[in-house]
Amino acid sequence: MENTLSYAQQQDQQDPLRSYRDRFLFPKNDNGDPLLYFCGNSLGLQPKKTQEYLSQELEDWATYGVEGHTDARHPWMPYHEFLTEQMAQIVGAKPEEVIIMNTLSVNLHLMMVSFYQPTAERYKIIIERDAFPSDKYAVESQLQFHGFSPENGLILWEPREGEELCRFEDLESILKEKGHEVALLLIGSTNYYSGQSFPLAEITELGHQHGAKVGFDLAHGAGNIQPSLHEVGADFAVWCTYKYLNSGPGSLGGCFIHERHLDNTGLPRFSGWWGHDKATRFNMRHDFKPIPTAEGWQLSNPPILSMAAIRASLDIFAEAGMEALRKKSIQLTGYLEFLLESLQDPKINLITPKNPKERGCQLSIQVKDADKKLHEQLTKAGVISDWREPDVIRVAPTPLYNSFEDVYEFVNRLKRIRNER
Ligand SMILES: *Cc1c(COP(=O)(O)O)cnc(C)c1O
C-alpha cells in the first residue's frame, strides 16, 4: 500500500464495486461539493432509487385505497415477505428465521420476553461494558420487571485495566465462576464504540455450555460483517436497518429467532394479530395461533413506506453481495489503518482491533491530545465523522459508497489539521 493519491485512485479503478457509489445521494457543502461521508455506522446514505420505491407505494395508496392491501404492485398484506429472503442472506439465516418488524429496542424487549426467563437461581444477564445505552436500559428494565436489581443481576464483560477491548478468556472466566447464575448473554456483535467484533460462534457455544441463552445485537453488524447467525446457533438477534443497511432514519428493525425455537409454542411471547396464522387472521375470532416462523413474533401490520425504503436498499445489497462487500470492506478499512499509521503521530491510537476478523468497517481513532474542537475542524474541512467523548473519532468507510480516495482524503485532511496546531 502507498500513501499517495494516485495509489488510492488506482485502487478505485480496480474496485469491482466502484459503480455503486453513484447510486447514493451524498450530502454537500455550501459550494455544492459532496462531503466525505464516514457515518454509515450511524445513518447510512440514501440510495437514489429509494424515492422511486416510496413513490410507488404513495401512488398505489392513491389509486387503490384499502384495496392496495391486495392490489398494489407489491401488495401490502404480504409486503414484509418481499424483504425476508434478502435480509436472511445478509445475516446468514434461513428465511423462516428472519422478520423485519418494529424497531431495534422494541425487538430486544420482545426477544427477552421469550428468551429471558429467570428463576431465583439463574437470573443474571451478561452484557459487554460500553454496550449501547439503549441495550443497557432494556436489560436493566427487564431485570427490574422480573423483580431483580440491576446492581445484582447485571454482569459486565469488561476490558482489563488499561485496555480498551474485551478478551474472550475473561468472558470464559466470568462463566466459569458464575455460569450457573446466568440466564442470558446479550452481546453486541460489533461494539459501537470500539468497533470490536466478537467471536459469535465461540460466545454462543460458551453460553450454551453453561445453560444460558445467547442473543446478539447486530446494530453495527448487519450489512457490515457476515454474522452467519444460523450456523452460529444464537438463540436470537436484533438489528436496525438505518445504519449500514441504508433504509432511512428510524426505519424498522430486523429480528432473528433460531429455527430450533420456531415451533415451540410453549415460549412466552407478547402477541399481536400480525403474528397469527395467516389463514384465519381476518376471521378475528380464533384463539391466537402463531405463524410457525419468525413472523409469529409480529405484532402489528407494518409501515409500508418504511418497508419500501428497506426494499430499495436490500435490492442493492442483493446485487452487490455480502461476500464482495466484505472483501472490499477489509481492503478499505485496512487502507485507512495503513494511512493513519503512516502519519506516525504519537498521539493517535487505534482502539479497534488490528485483525480484520475482529472488526468491520469502523475504526475508532483515539487522539490523545484532542478535544471536540478536532471534530469541529474536521467537519469544517468537509468530513462527516462521529465524535465520542473524551477523545475518539469514529470513522466507518463503507464498501457500497466509500472509495479509497475518500479514505486518502480523510487522512490527508486530518494530517493538515494536526500540522496546523
Ligand atoms: C443504534 C443502536 C441502537 C438504537 O436502537 P433503536 O431502538 O433503533 O433506536 C440500539 N443498540 C445498538 C447497539 C445500536 O448500535
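Basis for what follows: all heavy atoms, side chains included, without hydrogens, waters or symmetry-related copies. Both ligands and their constituent atoms are indexed starting at 1 by order of listing. Fair warning: this is a prediction, and the values are worked out from it, not measured in the lab.
- In this structure, E52 does not pair ionically with K48, as no charged nitrogen and carboxylate oxygen lie closer than 4.0 Å.
- The parts of L104 lying near ligand 1 are both backbone and side chain, judged by heavy-atom distances below 4.0 Å.
- Per-residue contacts place S105 under 4.0 angstrom from the following atoms of ligand 1 (heavy atoms of the residue considered): 5 (O), 6 (P), 7 (O).
- Annotation: side chain of P397 is not in contact with side chain of D406 (no heavy-atom distance under 4.5 Å).
- Atoms of ligand 1 lying under 4.0 Å from at least one heavy atom of H220, given by number and element, are 15 (O).
- W273 and F282 have their aromatic ring centers within a separation under 6.0 angstrom.
- Interface of A219 with ligand 1, defined as ligand atoms under 4.0 Å from a residue heavy atom, comprises 2 (C), 12 (C), 13 (C), 14 (C), 15 (O).
- Polar contact with ligand 1: present for K243 (N/O pair, distance under 3.5 Å).
- Using modelled atom types, no side-chain atom of H146 and backbone atom of Q117 make a donor-acceptor pair closer than 3.5 Å.
- Counting protein heavy atoms only, atom 11 (N) of ligand 1 is closest to D135 OD1, 2.6 Å.
- In summary, of the residues considered (R418, K368, K415), a salt bridge (charged side-chain N to carboxylate O under 4.0 Å, His left out) with D345 occurs for R418 alone.
- For ligand 1, one of its N or O atoms has an N or O atom of D217 under 3.5 Å away.
- Note: F236 and F256 fail the aromatic proximity criterion, with ring centroids not under 6.0 Å apart.
- Among all non-hydrogen protein atoms, the one lying nearest atom 3 (C) of ligand 1 is F132 CE2, 3.4 Å.
- Residue Y242 approaches ligand 1 through these ligand atoms, each under 4.0 Å from one of its heavy atoms: 1 (C), 4 (C), 5 (O), 6 (P), 8 (O), 9 (O).
- Of the polar atoms of S134, none of the N or O atoms is found under 3.5 Å from an N or O of ligand 1, judged by distance alone.
- In this structure, R160 pairs ionically with D170, as a charged nitrogen and a carboxylate oxygen lie closer than 4.0 Å.
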